[in-house]
Amino acid sequence: MKQIQLETSFLSLDASELTPQERTLLDQALAACDMAYAPYSGFKVGVALLLDNRQIIQGANQENAAYPMCICAEPVALSRAKLQYPEAKIQWMAVRVKNEAKPALEPAAPCGACRQMISEYEGRQEAPIGLLLQGQEGLVYKFEEIAPLLPLSFSGKFL
Ligand code: THU
């Protein structure tokens, strides 16, 4: 028997440590929260993707009275980007959250299903997607790729 240890590491930054490009992308993600349709949870998620053609694509969660039909912000943005610019690679994904019930002062990481979807998009484009996560304000978590958030990921290589 062997114990296998998995390590995750990422950067935590103050807003003052962001590059202008990172600041812009995080601002666009916060603006995207206003496009959320979240009457049931009051939890608004905004995403902004930076493509290698310099375009920024936004996405926001879209809820449904039949709760399992709720669509997260990440797949909205990823699908939009891929349909609008099929040849472009996604370089960065910024995710911001706004909670009507209480101020979102820390980053909320994408749910498991969204991590899996980001992983699939990385595989498709054969290039990593960096992540910037922030609440309404406060610290920013920065990941160079999805792997630290999805260890032992499932992929097409098993099929
Ligand atoms: N949500 C996202 O948009 N992305 C995630 O990664 C996690 C959750 C949304 C779904 C639902 O509309 C609300 O947040 C509360 O779960």
Side-chain angles (χ1 to χ4, degrees), residues 6-13 15 18 21-51 55-85 88-125 127-156:
L6 295 169
E7 267 184 34
T8 290
S9 93
F10 60 92
L11 290 175
S12 172
L13 296 91
L18 296 170
Q21 178 181 285
E22 289 170 339
R23 183 71 276 150
T24 300
L25 204 62
L26 284 161
D27 287 348
Q28 292 288 314
L30 188 63
C33 288
D34 293 332
M35 293 185 270
Y37 175 66
Y40 305 107
S41 72
F43 192 77
K44 298 181 175 183
V45 184
V47 165
L49 302 176
L50 176 66
L51 311 188
Q55 296 294 322
I56 290 179
I57 300 288
Q58 292 166 299
N61 51 329
Q62 306 294 314
E63 297 189 346
N64 194 290
Y67 293 170
M69 290 181 66
C70 292
I71 306 173
C72 289
E74 293 86 342
V76 172
L78 289 167
S79 305
R80 271 187 90 185
K82 199 67 198 154
L83 291 179
Q84 210 169 329
Y85 299 104
K89 293 187 181 186
I90 300 159
Q91 293 179 324
W92 287 94
M93 169 186 274
V95 185
R96 302 284 298 267
V97 291
K98 268 186 184 177
N99 189 346
E100 281 168 10
K102 56 176 183 166
L105 300 179
E106 56 182 339
C111 74
C114 289
R115 295 177 200 199
Q116 180 67 29
M117 189 168 184
I118 296 163
S119 173
E120 185 76 23
Y121 273 72
E122 280 192 350
R124 276 174 84 171
Q125 66 178 25
I129 299 175
L131 285 120
L132 294 165
L133 313 176
Q134 192 182 24
Q136 281 164 247
E137 54 186 274
L139 289 175
V140 175
Y141 293 169
K142 180 174 175 176
F143 298 80
E144 298 292 334
E145 56 183 347
I146 195 64
L149 282 169
L150 193 66
L152 283 187
S153 64
F154 185 77
S155 77

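Each ligand, and each atom within it, is numbered from 1 in the order the structure gives. Computed over heavy atoms, backbone and side chain alike; hydrogens, waters and symmetry mates excluded.
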Of all residues at least two apart in sequence or in a different chain, which pass the side chain to side chain donor-acceptor pair (under 3.5 Å) check with Lys82?
none
Mind listing the closest non-hydrogen atom pair of Lys142 and Glu22 along with its distance?
NZ-OE2, 2.7 Å
Hey, are the side chains of Leu78 and Leu49 touching, using non-hydrogen atoms and a 4.5 Å cut-off?
yes
Distances under 3.5 Å, N/O of ligand 1 against N/O of the protein: list each pair and its distance.
unit_1: ligand 1; atom_1: 3 (O); unit_2: Ala73; atom_2: N; d: 2.8
unit_1: ligand 1; atom_1: 4 (N); unit_2: Glu74; atom_2: OE1; d: 2.9
unit_1: ligand 1; atom_1: 6 (O); unit_2: Glu74; atom_2: OE1; d: 3.4
unit_1: ligand 1; atom_1: 6 (O); unit_2: Glu74; atom_2: OE2; d: 3.1
unit_1: ligand 1; atom_1: 6 (O); unit_2: Cys111; atom_2: N; d: 2.8
unit_1: ligand 1; atom_1: 12 (O); unit_2: Asn61; atom_2: ND2; d: 2.9
unit_1: ligand 1; atom_1: 12 (O); unit_2: Glu63; atom_2: OE2; d: 2.5

Do NZ/NE/NH1/NH2 and the carboxylate oxygens of Glu100 and Lys44 come within less than 4.0 Å?
yes
Partners of Phe154 by ring-ring contact (aromatic ring centres under 6.0 Å, His included), sequence neighbours excluded?
Phe158
Mind checking what makes side chain to side chain contact (heavy atoms under 4.5 Å, CB included) contact with Pro39, not counting sequence neighbours?
Tyr37, Glu63
